[in-house]
Amino acid sequence: MIKAVTGTKDILPSDIPRWKYLENTVERIFNSFNYKEIRTPVFEETPLFARGIGEETDIVGKEMYTFSDKSDTSLTLKPEMTAAVVRAYNEHSLGAQQSLVKLFYISPMFRQERPQAGRFRQFHQFGAEAIGSNSPLLDAEMIQMAYEILKSLGLKNLTVKINSLGTPQSRENYKKLLKNYLEEKKDRLSEDSRKRFDKNILRIFDSKVESDQLIIKDAPKITDHLDEESKIDFEVVKEQLKKSNIPFEIDSSLVRGLDYYTKLTFEIDSGSVGAQTALVGGGRYDLLIENLGGKPTPATGFAAGIERILLACENEKSLTVPEPSIDVYLIRIDDGLESFVSELGGKLRKENISVDFDYLQRSVKAQMREANRMNAKYTLFIGGDEFKAGMMNLKNMSSGEEEKISLKDINSIILKLK
RNA sequence: GUGAGCGUAGCUCAGUUGGUUAGAGCACCAGGUUGUGGCCCUGGGGGUCGUGGGUUCAAAUCCCAUCGCUCACCCCA
């Protein structure tokens, strides 16, 4: 038997109500902040991600689904959305029509990693990008939107972490400081961290190795070495979060693994998932638009992992979505009425009433069981003596009450069922 | 890429020191008034015991390989 590819999952009919609920919540909240939806292709030319995310990142280095098409163009299934949105922004000059463009998306992403709890090879993210302003109010808005969505889904066990990476200039200065501090301790670092020392020294902060942690603990903090502008912006974000009653902590070791971030970065973690605690990650990326060939334009955004959020919801039992149901199940009492039942079903369906009936020649009892399983609000009995007398029985499934309705009086059924 | 655990019915699992036709609960199907559900009762269908090989008179059970799943590391949503 052929099975779904490793790291991919079917979203089955029984899963759909929870997904829909989440998607509706996401859309509602993004609409309230006036973000407009954007959809981009699932694949792009490979250099978009290589340049956008950074050649040295793990995503680009080892996790992308890259392949050549018949014209030998290297294509990649999108591993994240920001580069794709920026590509569309540049390509269609979206910034020419309005100076601040606020976009959101819900989309599958692809990364070839080993699957584990809250991590898949095809997974789904929703997120937002605000392109065209350097206002720290927008950074705060990103956190607010993400936080509000998670809260609306009933999640409780949340931690908002923020940090500032500063401008590229101040970050470079800080890197030098950090390098000086770590230079003499370098040989005590783990192998991975020694590699990071040369490739991307900030990433040493991500290490979970205890001996590394001890060394890093007393390292100079990036938030103590920010340029004036970043410092002021960081203060504004903190102030806004306080005003919005969003609890947060400053985590100066929060270094996101994508190269494009500048100034504010943030993450929202949940204690209700497995080891992959990050539900939401984001930050400002003031240089990306320019790097991808656009005019210099400041921007900020975030992405949230839908599977992880639903996992947290499940573990916290925070979501109660209504059981699916139908309005009426038509019950055929006598053989030979199949086409009449089908025709009547059609009429009701045209009135936007959800209708189903038996296609398997089953007994009345079996049809009733089916109606019960489908959570039918009503059943309509067609056949027998009443039918000969021009009547049908309409039964309310929760009260058990029945009433006779004339075959000619479809309208009164429609009224009842609506 | 590295490490650990696990693969028996659609699902959750049981299967004693290897020993007759591999079990349970749930789900599914049928019946319990010739036309009425949810509860209950009776009966039924459904499994190459992940796959391949080996040991043995005999393997779901022991050994090897392989595939898959799960979790963790790395990194990230």
Side-chain angles (χ1 to χ4, degrees), chain A residues 1-9 12 14 53 56-64 79-82 106-127 146 150 190-193 195-196 200 203 205-209 254-258 266-270 273-282 301-312 329 331-335 337 360 362-388 392-402:
Chain A
M1 188 172 15
I2 296 175
K3 297 200 282 189
V5 173
T6 297
T8 68
K9 283 265 184 298
L12 297 171
S14 55
I53 302 170
E56 292 302 317
T57 62
D58 283 6
I59 293 179
V60 172
K62 52 188 197 191
E63 295 172 3
M64 295 205 303
E80 63 106 45
M81 194 68 177
T82 303
I106 302 175
S107 171
M109 306 292 163
F110 307 85
R111 293 182 200 173
Q112 189 158 181
E113 302 181 89
R114 278 288 267 278
Q116 69 188 70
R119 166 178 295 159
F120 306 99
R121 290 186 173 179
Q122 176 174 179
F123 61 104
H124 298 76
Q125 294 186 330
F126 65 82
L150 298 179
S190 67
E191 198 190 323
D192 282 342
S193 287
K195 276 184 203 153
R196 295 183 185 116
N200 187 346
R203 206 87 68 72
F205 284 114
D206 287 338
S207 175
K208 285 179 187 168
V209 181
L254 180 64
V255 182
R256 306 217 55 76
L258 291 79
F266 74 96
E267 190 171 294
I268 303 180
D269 288 357
S270 167
V273 288
Q276 309 307 316
T277 56
L279 260 34
V280 176
F302 79 89
I306 295 181
E307 284 84 354
R308 284 185 193 176
I309 291 171
L310 289 177
L311 181 61
Y329 192 90
I331 297 201
R332 183 199 64 257
I333 291 171
D334 305 320
D335 290 345
L337 289 174
L360 300 172
R362 293 203 284 193
S363 68
V364 171
K365 183 176 189 163
Q367 292 179 64
M368 276 304 280
R369 272 204 258 268
E370 190 71 8
N372 200 51
R373 227 192 321 258
M374 289 178 181
N375 248 318
K377 297 186 186 87
Y378 288 89
T379 43
L380 187 61
F381 293 86
I382 299 152
D385 295 336
E386 310 92 295
F387 191 74
K388 283 171 200 151
M392 298 178 290
N393 262 357
L394 183 66
K395 175 169 184 165
N396 180 318
M397 289 296 276
S398 53
S399 71
E401 283 167 23
E402 291 187 33

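In what follows, every chain begins at residue 1, and chains take the letters A, B, ... in the order their sequences are listed.
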Distance between the [atom1] atoms of [N] and [M], in whole angstroms?
N	M	atom1	value
C11(B)	C69(B)	C1'	16 Å
G18(B)	C63(B)	P	11 Å
C62(B)	C49(B)	C1'	16 Å
G7(B)	G50(B)	C1'	6 Å
U42(B)	A58(B)	C1'	38 Å
G54(B)	U17(B)	P	27 Å

With heavy atoms under 4.0 Å as the rule, sort [X] into base, sugar-phosphate or nothing.
X	value
Gly281(A)	sugar-phosphate
Phe381(A)	base
Glu113(A)	base
Lys395(A)	base
Leu279(A)	sugar-phosphate
Met397(A)	base

Considering every strand shown, what is the Watson-Crick or G-U wobble mate of [N] when both distances are under 3.5 Å?
N	answer
A59(B)	none
G38(B)	none
G44(B)	C28(B)
A77(B)	none
A72(B)	U2(B)

I'd like a table of atom pairs between the protein and nucleotides 42-49 of chain B - only N or O on both sides, under 3.5 Å - with the distance next to each one.
none

Quick one: is Ser363(A) getting a side-chain N or O under 4.0 Å of the G31(B) phosphate, OP1 or OP2?
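Yes, such a contact exists.
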Give a yes or no on whether a donor-acceptor pair under 3.5 Å exists between the nucleobase atoms of G1(B), that is its base, and the side chain of Glu63(A).
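Under the 3.5 Å cut-off, the side chain and the base do not form any donor-acceptor pair.
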Please list, pair by pair, any protein nitrogen or oxygen found under 3.5 Å from a nitrogen or oxygen in nucleotides 70-72 of chain B.
unit_1 : atom_1 : unit_2    : atom_2 : d
U70(B) : OP1    : Lys9(A)   : NZ     : 3.0
C71(B) : OP2    : Ala117(A) : N      : 3.2
A72(B) : OP1    : Ala275(A) : N      : 2.9
A72(B) : OP2    : Gln116(A) : NE2    : 3.3
A72(B) : OP2    : Ala117(A) : N      : 3.2

Check nucleotides 26-29 of chain B against the protein and report each pair of N or O atoms closer than 3.5 Å, with its distance, or say if there are none.
unit_1 : atom_1 : unit_2    : atom_2 : d
C28(B) : OP1    : Arg373(A) : NH1    : 2.4
C29(B) : OP1    : Arg362(A) : NH1    : 2.9
C29(B) : OP1    : Arg373(A) : NH2    : 3.3
C29(B) : OP2    : Arg373(A) : NH1    : 3.4

